[in-house]
Amino acid sequence: MTLNYISAAEAASLIKHGYNIGLSGFTPAGTAKAVTAELAKIAEAEHAAGRPFQIGIFTGASTGDSCDGVLSRAKAIRYRAPYTTNTDFRKAVNNGEISYNDIHLSQMAQELRYGFMGKVDVAIIEACEVTEDGKIYLTAAGGIAPTVCRLADKIIVELNAAHSKAAMGLHDVYEPLDPPCRHEIPIYKPSDRIGSTYIQVDPKKIVGVVETNWPDEARSFAASDPLTDQIGRNVADFLVADMKRGIIPPTFLPLQSGVGNIANAVLSALGHEKTIPAFEMYTEVIQNSVIGLIREGRIKFGSACSLTVTNDCLQGIYDDMDFFRDKLVLRPSEISNSPEVVRRLGIISINTAIEADIYGNVNSTHIGGTRMMNGIGGSGDFTRNAYISIFTCPSVAKEGRISAIVPMVSHHDHSEHDVNVIVTEQGVADLRGKSPKERAQAIIEHCVHPDYKNILWDYLKLTDGKAQTPHAIQAALGMHAELAKSGDMRNTDWSLYA
């Protein structure tokens with residue numbers, strides 16, 4: 001079959017009001033860019049003519065501005081799932097303009113296959129190569145591309161020259177069977193490959209190939225600073241101590257890490273801690289810091305869903321693919337984040353919290369309990385199933401006006417049952433084997449900023465202390481209420497609740 005090469009505008013014209021589209025990519029890496037940008041123009045023209053135009057969007061995780069950004073500004077999104085980071089999209093969600101479904105990333109592909117989320121009309125897939133017999137070679141991420149290709153009526157391929165054909169072979173494409181026919185996912189070490197290097201589709205479904213040269217809209221993260229470096233040092237010291245106690249095997253265990261400057265600081269500290277042997281990663285995203293540690297021989301292998309790296313770092317990987325080919329693999333998100341595989345491999349998970357409460361419950365998605373920040377991402381996939389689950393955060397924010405440790409989280413993403421360790425720049429609270437009262441003591445003593453220690457001890461005095469999990473319900477969100485009133489949690493006056 002001869003492939004049909006069309007323009008991005010022609011491809012976008014195939015997508016109609018009310019359609020659901022499925023996208024490749026995971027973070028801005030590997031996601032559609034050219035066709036979605038043209039879709040925004042169609043939406044603006046239709047709205048100007050007084051006609052409706054909105055679509056549903058299914059993705060692996062976040063996308064770049066050429067997707068979530070332009071479509072949000074054009075008011076072209078009716079429904080969107082799952083994770084996102086775009087500022088304009090976030091504003092639209094918090095203004096009630098978009099129906100946003102925040103689900104665990106490992107569940108996105110299977111919920112589409114189960115029919116929970118409606119039909120996939122069109123898949124838009126970024127590729128470094130596509131063949132006439134229907135082989136699609138992905139670029140910098142796996143995401144949910146295999147599933148949306150299989151489910152979609154039509155497939156549009158963005159053949160992106162900004163991605164080297166050296167990426168061919170980087171992927172391990174595998175879809176599990178659906179219940180009741182599902183078997184185990186046969187990954188027993190991070191470097192195991194169980195699938196193919198491409199997505200095979202019926203070539204008749206490929207309605208157009210759009211040639212582009214559009215680099216990933218890579219996000220840069222703030223450089224490390226003394227605070228994030230101290231958090232990283234605290235995590236490394238904790239894990240070294242667990243190794244010395246025999247809790248962690250002397251060979252160490254695979255790591256999962258979230259994204260951002262704290263995650264980079266933690267990985268840097270672990271990578272340069274010589275008492276920790278060279279280790280492997282089984283994670284959802286690989287950042288620049290991981291690539292550097294692979295080059296240094298401190299990370300032996302990286303299994304992920306996405307290369308969430310800067311464009312110069314990505315080009316360096318492509319240029320050195322002979323070196324990286326046996327050190328990296330990219331998987332679909334339901335495999336990279338599979339709870340089954342995470343539990344089997346004994347992953348040490350390290351994720352970032354917005355806030356935690358004194359009993360170890362974590363909020364990783366909402367500001368003030370109501371305003372969406374990013375979404376839960378894959379943190380829940382790893383946290384509940386990890387060998388050791390760690391959450392990190394600075395002890396305070398906004399120049400000390402906000403404490404990251406509060407009596408009760410304003411939004412609940414990860415329960416105390418799943419959170420083993422909390423780390424701030426102040427120290428480490430090991431919650432394993434502790435009762436709720438013991439957890440509260442450890443968190444306040446070791447993780448809370450000095451400005452807030454007495455405030456939180458005084459909160460506990462409001463309770464009768466006899467309950468299994470002591471709370472003064474009338475005051476549990478008092479620090480949040482004070483922040484809303486005066487802009488500073490340090491002004492909290494518990495006498496108002498006595």
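Residue numbers start at 1 and run along the sequence shown. Predicted model only: the values in this text are computed from it and were never measured.
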| request: List the steps and the verdict of side chain to side chain contact (heavy atoms under 4.5 Å, CB included) for Q54 and I77. | output: CA-CA 5 Å; Q54 287 194 316; I77 305 175; 5.9 Å; no
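- A salt bridge links E126 with K33: the closest approach of a Lys/Arg side-chain nitrogen to an acidic carboxylate oxygen falls below 4.0 angstrom.
- A 4.5 Å side-chain heavy-atom check between E211 and N160 finds every atom pair outside the cut-off.
- Looking at N261 and T228, their side chains never bring a donor and an acceptor atom within 3.5 Å of each other.
- Open room surrounds NZ on K75; 12 or fewer heavy atoms of other groups in view lie less than 6.0 Å from it.
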| request: Please step through side chain to side chain contact (heavy atoms under 4.5 Å, CB included) for the pair I125 and C149, ending with a clear verdict. | output: CA-CA 8 Å; I125 308 298; C149 280; 3.5 Å; yes
| Going through the distances and angles, do R331 and E284 end up as a salt bridge (charged side-chain N to carboxylate O under 4.0 Å, His left out)? | CA-CA 9 Å; R331 309 184 190 276; E284 61 181 14; over 6 Å; no
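- Within a 6.0 Å radius of CG in D322, no more than 12 heavy atoms belonging to other residues, nucleotides or ligands are found.
- T27 and T308 are linked by a side-chain donor-acceptor pair at a separation below 3.5 angstrom, with hydrogens and angles left out of the test.
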| request: Decide yes or no on side-chain hydrogen bond (donor to acceptor under 3.5 Å, both in side chains) for N337 and Q107, but give the supporting numbers first. | output: CA-CA 9 Å; N337 292 34; Q107 296 178 338; over 6 Å; no
| Yes or no on side chain to side chain contact (heavy atoms under 4.5 Å, CB included) for T212 and L159, after CA distance, side-chain angles and deciding distance? | CA-CA 6 Å; T212 73; L159 185 58; over 6 Å; no
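- Contact record, E340 with I185: OE2-N, 2.9 Å, taken as the closest heavy-atom pair.
- By the 4.0 Å N-to-carboxylate-O rule, D326 lies too far from K300 to be salt-bridged with it.
- Within the 3.5 Å criterion, the main-chain N or O of S257 finds a donor-acceptor partner in the side chain of T283.
- Panel note: side chain T63, backbone C67; no donor-acceptor pair is recorded below 3.5 Å.
- A donor-acceptor pair under 3.5 Å links the side-chain atoms of D102 to the main chain of I376, judged by distance alone.
- For F89 and Y100, the ring centers are positioned less than 6.0 Å apart.
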| message | With side-chain hydrogen bond (donor to acceptor under 3.5 Å, both in side chains) as the criterion, how do E280 and S191 come out once you've worked through the C-alpha distance, each side chain's angles and the decisive distance to 0.1 Å? | response | CA-CA 9 Å; E280 297 173 305; S191 57; 4.6 Å; no
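- One side chain, D413 or T365, offers a donor N or O that lies under 3.5 Å from an acceptor on the other.
- Across every non-hydrogen atom of V148 and V120, the tightest pair is O-CG1, 4.2 Å.
- Side chain to side chain, E175 and T147 meet the donor-acceptor criterion of an N or O pair below 3.5 Å.
- The minimum heavy-atom distance between S349 and A386, with the atom names listed, is OG-CB, 3.5 Å.
- Of the N and O atoms on the side chains of S403 and H449, not one donor lies less than 3.5 Å from an acceptor on the other residue.
- Atom CD of E399 has 12 or fewer heavy atoms from other residues, nucleotides or ligands within 6.0 Å.
- In this structure a side-chain-to-backbone donor-acceptor pair under 3.5 Å is missing from D430 to V421.
- Looking at every heavy atom in both residues, A356 comes nearest to V362 through CB-CG2, 4.1 Å.
- Checking side-chain atoms of K154 against main-chain N and O of A123 turns up no donor-acceptor pair under 3.5 Å.
- The backbone N or O of E217 sits nowhere less than 3.5 Å from a side-chain atom of D65 that would complete a donor-acceptor pair.
- The main-chain N or O of T139 is found under 3.5 Å from a side-chain atom of H171 such that the two form a donor-acceptor pair.
- Here the closest heavy-atom approach between residue I98 and residue S72 is recorded as CD1-OG, 4.0 Å.
- The number of heavy-atom neighbours closer than 6.0 Å to NZ of K91, taken from other residues, nucleotides and ligands shown, is 12 or below.
- The nearest pair of heavy atoms linking I335 to I187 is CG2-CD1, 3.6 Å.
- Remark: the N101 side chain and the Y79 side chain contain an N/O donor-acceptor pair separated by less than 3.5 Å.
- Residues satisfying the ring pair (Phe, Tyr, Trp, His ring centres under 6.0 Å) test with Y198, not counting sequence neighbours, are Y137.
- Side-chain contact between N374 and Y83: present, with at least one pair of heavy atoms (C-beta onward) separated by less than 4.5 Å.
- K398 NZ: 12 or fewer foreign heavy atoms inside a 6.0 Å radius.
- Under the 3.5 Å distance criterion, with hydrogens and angles disregarded, a donor-acceptor pair is assigned to the side chains of N420 and S389.
- Looking only at atom types and distance, the side chain of R150 has no donor-acceptor partner in the side chain of Q200 under 3.5 Å away.
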| message | Set out, in order, the CA-CA distance, both residues' side-chain angles and the distance that settles side-chain hydrogen bond (donor to acceptor under 3.5 Å, both in side chains) for T59 and R80, then state yes or no. | response | CA-CA 8 Å; T59 70; R80 165 84 160 78; 2.9 Å; yes
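- D172 contributes a side-chain N or O that, together with a main-chain N or O of G195, makes up a donor-acceptor pair within less than 3.5 Å.
- Residues V329 and F301 form a side-chain contact, since some pair of their non-hydrogen atoms from C-beta on lies under 4.5 Å apart.
- Using a 4.5 Å heavy-atom cutoff, the side chains of D320 and R295 are in contact.
- Side-chain atoms of I291 and L328, non-hydrogen and from C-beta on, do get closer than 4.5 Å to each other.
- Of the possible polar contacts, one joining the E158 side chain to the A34 backbone as a donor-acceptor pair under 3.5 Å is found.
- In this structure, the side chains of L227 and I231 come closer than 4.5 Å at one or more pairs of heavy atoms.
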| message | Before you tell me yes or no, could you show the steps for D381 and S106 under side-chain hydrogen bond (donor to acceptor under 3.5 Å, both in side chains), namely the whole-Å CA-CA distance, both residues' side-chain angles and the distance that decides it to 0.1 Å? | response | CA-CA 7 Å; D381 298 325; S106 70; 2.6 Å; yes
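- Remark: side-chain polar atoms of N20 are paired, donor with acceptor, to backbone N or O of K119 under 3.5 angstrom.
- D68 and N86 form no side-chain donor-acceptor contact under 3.5 Å, judged by distance and modelled atom types alone.
- The side chain to side chain donor-acceptor pair (under 3.5 Å) test with Q315 singles out one residue from N311, D312, D319, and that residue is D319.
- For R233, the CZ atom is densely surrounded, since the number of other residues' heavy atoms within 6.0 Å is greater than 12.
- When side chains are defined from C-beta on, M373 does not count as touching N94, because their heavy atoms never get closer than 4.5 Å.
- Going from atom CD of Q256 over to atom OG of S336 covers 9.5 Å, rounded to the nearest 0.5 Å.
- With no hydrogens or angles considered, a side-chain donor-acceptor pair links S289 and N264 at under 3.5 Å.
- Looking only at side-chain heavy atoms (C-beta outward), I347 and L253 stay at 4.5 Å or farther from each other.
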| query | Can you check side chain to side chain contact (heavy atoms under 4.5 Å, CB included) on D192 and K189, steps first, answer last? | reply | CA-CA 6 Å; D192 282 345; K189 57 183 184 299; 2.7 Å; yes
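- For residues 348-373, every residue pair satisfying the ring pair (Phe, Tyr, Trp, His ring centres under 6.0 Å) rule, not counting sequence neighbours, is listed here: Y359-H471, H366-H411.
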